[in-house]
There are 4 protein chains.
Amino acid sequence: MQLSDSDQAEIDTARGQSASTRRATVPALEAMLFAPIPVLDHGFVRAIDYMGDDTAVVQAARVSYGRGTRKVSEDEGLIRYLMRHRHSTPFEMCEIKFHVKLPIFVARQWIRHRTANVNEYSARYSVMDREFYVPAPEHLAAQSASNRQGRGAVLAGDEAAEVLSLLREDAERNYTHYEHMLNEGEADPARRGLARELARMNLTLNTYTQWYWKTDLHNLFHFLSLRADPHAQYEIRAYAEAMMDMVRAWVPACFRAFEEYRLGAASFSASMLAVLRRMLAGEAVEQPGSGLSKREWAEMMAVLGR
Amino acid sequence: MQLSDSDQAEIDTARGQSASTRRATVPALEAMLFAPIPVLDHGFVRAIDYMGDDTAVVQAARVSYGRGTRKVSEDEGLIRYLMRHRHSTPFEMCEIKFHVKLPIFVARQWIRHRTANVNEYSARYSVMDREFYVPAPEHLAAQSASNRQGRGAVLAGDEAAEVLSLLREDAERNYTHYEHMLNEGEADPARRGLARELARMNLTLNTYTQWYWKTDLHNLFHFLSLRADPHAQYEIRAYAEAMMDMVRAWVPACFRAFEEYRLGAASFSASMLAVLRRMLAGEAVEQPGSGLSKREWAEMMAVLGR
Amino acid sequence: MQLSDSDQAEIDTARGQSASTRRATVPALEAMLFAPIPVLDHGFVRAIDYMGDDTAVVQAARVSYGRGTRKVSEDEGLIRYLMRHRHSTPFEMCEIKFHVKLPIFVARQWIRHRTANVNEYSARYSVMDREFYVPAPEHLAAQSASNRQGRGAVLAGDEAAEVLSLLREDAERNYTHYEHMLNEGEADPARRGLARELARMNLTLNTYTQWYWKTDLHNLFHFLSLRADPHAQYEIRAYAEAMMDMVRAWVPACFRAFEEYRLGAASFSASMLAVLRRMLAGEAVEQPGSGLSKREWAEMMAVLGR
Amino acid sequence: MQLSDSDQAEIDTARGQSASTRRATVPALEAMLFAPIPVLDHGFVRAIDYMGDDTAVVQAARVSYGRGTRKVSEDEGLIRYLMRHRHSTPFEMCEIKFHVKLPIFVARQWIRHRTANVNEYSARYSVMDREFYVPAPEHLAAQSASNRQGRGAVLAGDEAAEVLSLLREDAERNYTHYEHMLNEGEADPARRGLARELARMNLTLNTYTQWYWKTDLHNLFHFLSLRADPHAQYEIRAYAEAMMDMVRAWVPACFRAFEEYRLGAASFSASMLAVLRRMLAGEAVEQPGSGLSKREWAEMMAVLGR
């Protein structure tokens, strides 16, 4: 990731300013504010603003007049209780806003999370940057044979080299043609230049775009539980992981509850629970006769570490 | 509106604290933070937290790295443009959170605005306060004869006196019975006490409840345009008006655009536009022959000040 | 539940009509359409309209041109896979609309589910019916001593009798005063009548209201998983259970998957999973030393049937 | 637009089936059901399912037990009233589902409408088709000089020819490389094939994708009012226009109200209203001194046909 001098100067200015506020303030997140965390080859995510902290969740749950005089351990206990019993509304009382630079194909997955506010860089209005995602060699994976929407082993040798050069060359060429069709500033006075809203269609899906993305803590946890999951595509997972570090700094007690009751938890179906009861009663249950499919059996055994 | 000593102490404590932040900060709203603005006889609304300011709208619209070096007038021009052309997403980048005390029948209208986050005081978990809304004499209106969902003249004399005493007595009596059925703290050891979640059903709809309510600026403007409207029921309008003062302090440029393009604006239907063109061409148009119903004609003339 | 003759006639007419359609049609739900299922003492829920069936979920997941020629077992397998992996969007492709008559305090819980469309009977515009919920003796529960938002044993004897009579009398009296204040049709020509939007505030929270409520299958499952849960208040659970019978008739394969992976499933936290692994390794784990609180331990043992 | 034989057969089968239903049914929309309406060069939109009709809006507004015995003109009057006063919830009681084939850059605009349900063809799971949007010559527009996000005159001559051939060649080449990298079915046994979720990033933004898209009538009207507007990009407007024909057939009374109070209506700002009052009083108002910017003045005069 590289920023232009003027972008870097804007960030430095923002980080250099401070004001006095009566609002809930979190020094650990303040320290990170505005600073881009690099993700993938040219992307980043940076926190731009936030509202609330761990205590704000507690206050909302209690609909209280102030921060109260309860012990920290009581507050953490309440947060764990809320997370465990899926009382989601108090977590909606915290809000965070990110500025993200990401490849278009990642943006297309991300936007499926509807309960968020988004402002994307407009390719109708502005010219896109010449920046494309090309996977690092260790992320250049083959199609999985067993999982139609997953990855298998890493590609190597000639095949890897060819893929990387195709991705690079096609993106570069299409961008060059995009710029040519735009004829910005009438570089060639004999041409009028294609409308930006049309020329953009020549770009490839690994072109980087940018957006402001704002959501509440409950919906952010939902996003993270799906996108930081090992089944998520690596490229969006990389963003989710960078965001998790910021959330951990922002609302540490909520984050611990999230790890305990979501990230690190597992759901057992009715049939799995029946198997579990038989196993705990000392029975040697095998997949045939378990009532579970092979895949479900394998998933259950993996969760149980067997 | 009266607060308990401990509630007032909580508010004073919150107002006495301050911290340093890198976030966008608005001194005019900071000055109001946490302080309840009285509404109706026992209600209030107070701002608890906020995110963003006028500049945040501009930054999101530009997806920019910082506050930029543009002129204030350019920013205001952009805000007006966004409001005028219903580019609503940049306004979603500001967020505000209120603590509201309000009668249940008002809460039932309010909650119909779904794009918001809410935590309400739980009458399953806690005991409600003995507080009811009784209209001030000047708001004790008769049913409108012309508008099935509106108000007519103010009630007076015996009828007013009777209504006020019925409202007061019924609310008080029902609350007394509520408390009796609850038998909190086993006041009467011979009784077990009805479950809170059941006892509450004896309360009247003018009983006060409380909630935390959080929304973004776009949805808040939508709420205000409907609820600060003269057609809205007076009791919810009183809250909308108190909130408008806070929004004006918070995002003055956005608020001016809202006044120009929403609050003070009017929509003309296709048929009204046809009438308008005829009038501007010098024709003396009358309602019969205008293509408008009597009611639409009256509405149009009112907007035109004729 | 009792319907007026004209309401019953409307229902009979609707049930008597039929038309030819190319849309996905479910005879088992058609048989139930429009017929009210009684809930509580005066309430009901009836299905008014629906869109889609089990196959519609499958078609959406495959983004296919038609119903395809796959086997039913393949379709059911896909539905189970989607439910298990929380691919929720295909379930959003089915929609259902209900007409519900319910006490106001139940409506206030219900409306917290925001992802639905609602039209409620307007007490600003119309006069409410004289109908109130009074619990059946077996549902007149004491406050739970252990759970601040739950119920304990059933009230009996004098206390029960007193509670029932207070609930009945207060509701009846307040309604009588409501009617009096309204002075509908200028029953008493000396009075103008209080505006409907004000008079309604004298009603108690067990007064029945009505609404049309429409949602998609994914959000309906979410509603049912929370409201058909034993922790939900009995009064809303009664509605959830009536609706489940209709959903089972409508989309039987989806409903089976819902039972397997939601209703009958259980989530184990990270700490619970650690306990489970120790138990399966033959260790005799006790609550002290388990890393679980007493309450979590009890919940886990209950799920495991120990 | 061309369909494969098997896709066409699926459509024919669906159109050939019919069932008896008690639900509200609209013959004019039934006649269109499942049949794709061609849009752009390879796209289409087809209605897959619907719920409700004009009467359903009326019933929801009245929360009634049946279709009632009112006159059609009363129903239409109510629909006009609801639309005029922005009572949007009754229109949410109708729902429609479309299957759409559209270029990815159009899909990216479309998905910004969040209040809808979507299932998109998955390029992680399946291989995309070799189909790209290339504008017809009459839609190959230059960048507008006056409007940064608009189109100017149509390109002609060598420039047009060059643009068209660049768009075609780049899309074709990138697709060929996509297919090559995928190595589907191990066409070349020496290669493993790049994961689908990665290979897709080489595609251009004019590649066609498909989705099921479902929304309610209120949100559909909002979508149409923005996307059928002359300021919308032509490519998405083409879809909006095709959908309008279906909506007109489906809910004719609602559609007429939509045309009168939305599509054909205009909003006048506070300052515009002041100008209007002066003009109607006979004053010869000019832009300087009007309080309006040049652009607002021009827009107002255009609406007034002056």
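Keep in mind that what you see is a predicted model, and the values were worked out from it rather than measured.
In A:His222, the NE2 atom is not crowded: 12 or fewer heavy atoms of neighbouring residues, nucleotides or ligands sit closer than 6.0 Å.
Across B:Pro90, B:Ala9, B:Ala61, the residue that shares the most heavy-atom pairs under 4.5 angstrom with chain A is B:Pro90. Of all the listed residues (A:Glu120, A:Met93, A:Gln59), the one sharing the greatest number of non-hydrogen pairs under 4.5 Å with chain B is A:Met93. Counting heavy-atom pairs under 4.5 Å between each of A:Ala19, A:Ser18, A:Ala24, A:Ser122 and chain B puts A:Ala19 at the top. Across B:Arg23, B:Arg15, B:His218, B:Glu92, the residue that shares the most heavy-atom pairs under 4.5 angstrom with chain A is B:Arg23. Per-residue counts of heavy-atom pairs under 4.5 Å with chain B were compared for A:Ser64, A:Gly16, A:Gly52, A:Ala14; the largest is that of A:Ser64. Here B:Asn117 is the residue among B:Thr115, B:Thr13, B:Asn117 with the most heavy-atom pairs under 4.5 Å with chain A. In terms of heavy-atom pairs under 4.5 Å with chain B, the best-connected choice from A:Ile48, A:Ile11, A:Asp49 is A:Asp49.
Within residues 26-36 of chain B, the residues approaching chain A closer than 4.5 Å by heavy atoms are, in numerical order, B:Glu30, B:Ala31, B:Leu33, B:Phe34. Heavy-atom neighbours of chain A within the stretch residues 246-255 of chain B, taken at a separation under 4.5 angstrom, are nonexistent.
The aromatic ring centroids of B:Trp110 and B:Tyr239 lie less than 6.0 Å from each other. Taking the centre of each ring, B:Phe132 and B:His42 stay at or above the 6.0 Å mark.
Separating the CG atom in A:Leu82 from the CG atom in B:Asn119 is a distance of 8.5 Å, to the nearest 0.5 Å. Between atom CG of residue A:Asn206 and atom CG of residue A:Leu40 there is a gap of 11.0 Å, rounded to the nearest 0.5 Å. In this structure, the separation between OG1 on B:Thr25 and CG on B:Asp53 is 8.0 Å, given to the nearest 0.5 Å.
Of the N and O atoms on the side chains of A:Arg80 and A:Tyr261, at least one donor lies less than 3.5 Å from an acceptor on the other residue. Neither side chain, A:Thr215 nor A:Glu95, offers a donor N or O lying under 3.5 Å from an acceptor on the other. Between the side chains of A:Thr207 and A:Glu131, no donor N or O sits under 3.5 Å from an acceptor N or O.
For a residue to count as touching a neighbouring chain, one of its non-hydrogen atoms must lie under 4.5 Å from one of that chain's; by this rule B:Arg46 touches chain A with the side chain only. If you measure heavy-atom distances from B:Thr21 to chain A, the contacts under 4.5 Å come from both the backbone and the side chain. Heavy atoms of A:Leu3 lying under 4.5 Å from chain B belong exclusively to its side chain. Contact annotation for A:Phe91: neither backbone nor side-chain heavy atoms come within less than 4.5 Å of a heavy atom of chain B. When heavy atoms are compared at a cutoff of 4.5 Å, B:Gln8 does not approach chain A at all.
Remark: B:His113 pairs with B:Phe223 by the ring-ring contact (aromatic ring centres under 6.0 Å, His included) rule, at least two apart or across chains. A:Asn174 meets the side-chain hydrogen bond (donor to acceptor under 3.5 Å, both in side chains) test with no other residue; sequence neighbours excluded.
Here the closest non-hydrogen pair linking B:Tyr208 and B:Tyr133 is CE1-N, 3.5 Å.
Looking at A:Tyr212, its side chain never comes within 3.5 Å of a backbone N or O of A:Val100 through a donor-acceptor pair. A:Arg84 contributes no side-chain N or O that, together with a main-chain N or O of A:Tyr81, makes up a donor-acceptor pair within less than 3.5 Å. B:Tyr178 places no side-chain N or O within 3.5 Å of a backbone atom of B:Arg196 that could act as its donor or acceptor partner.
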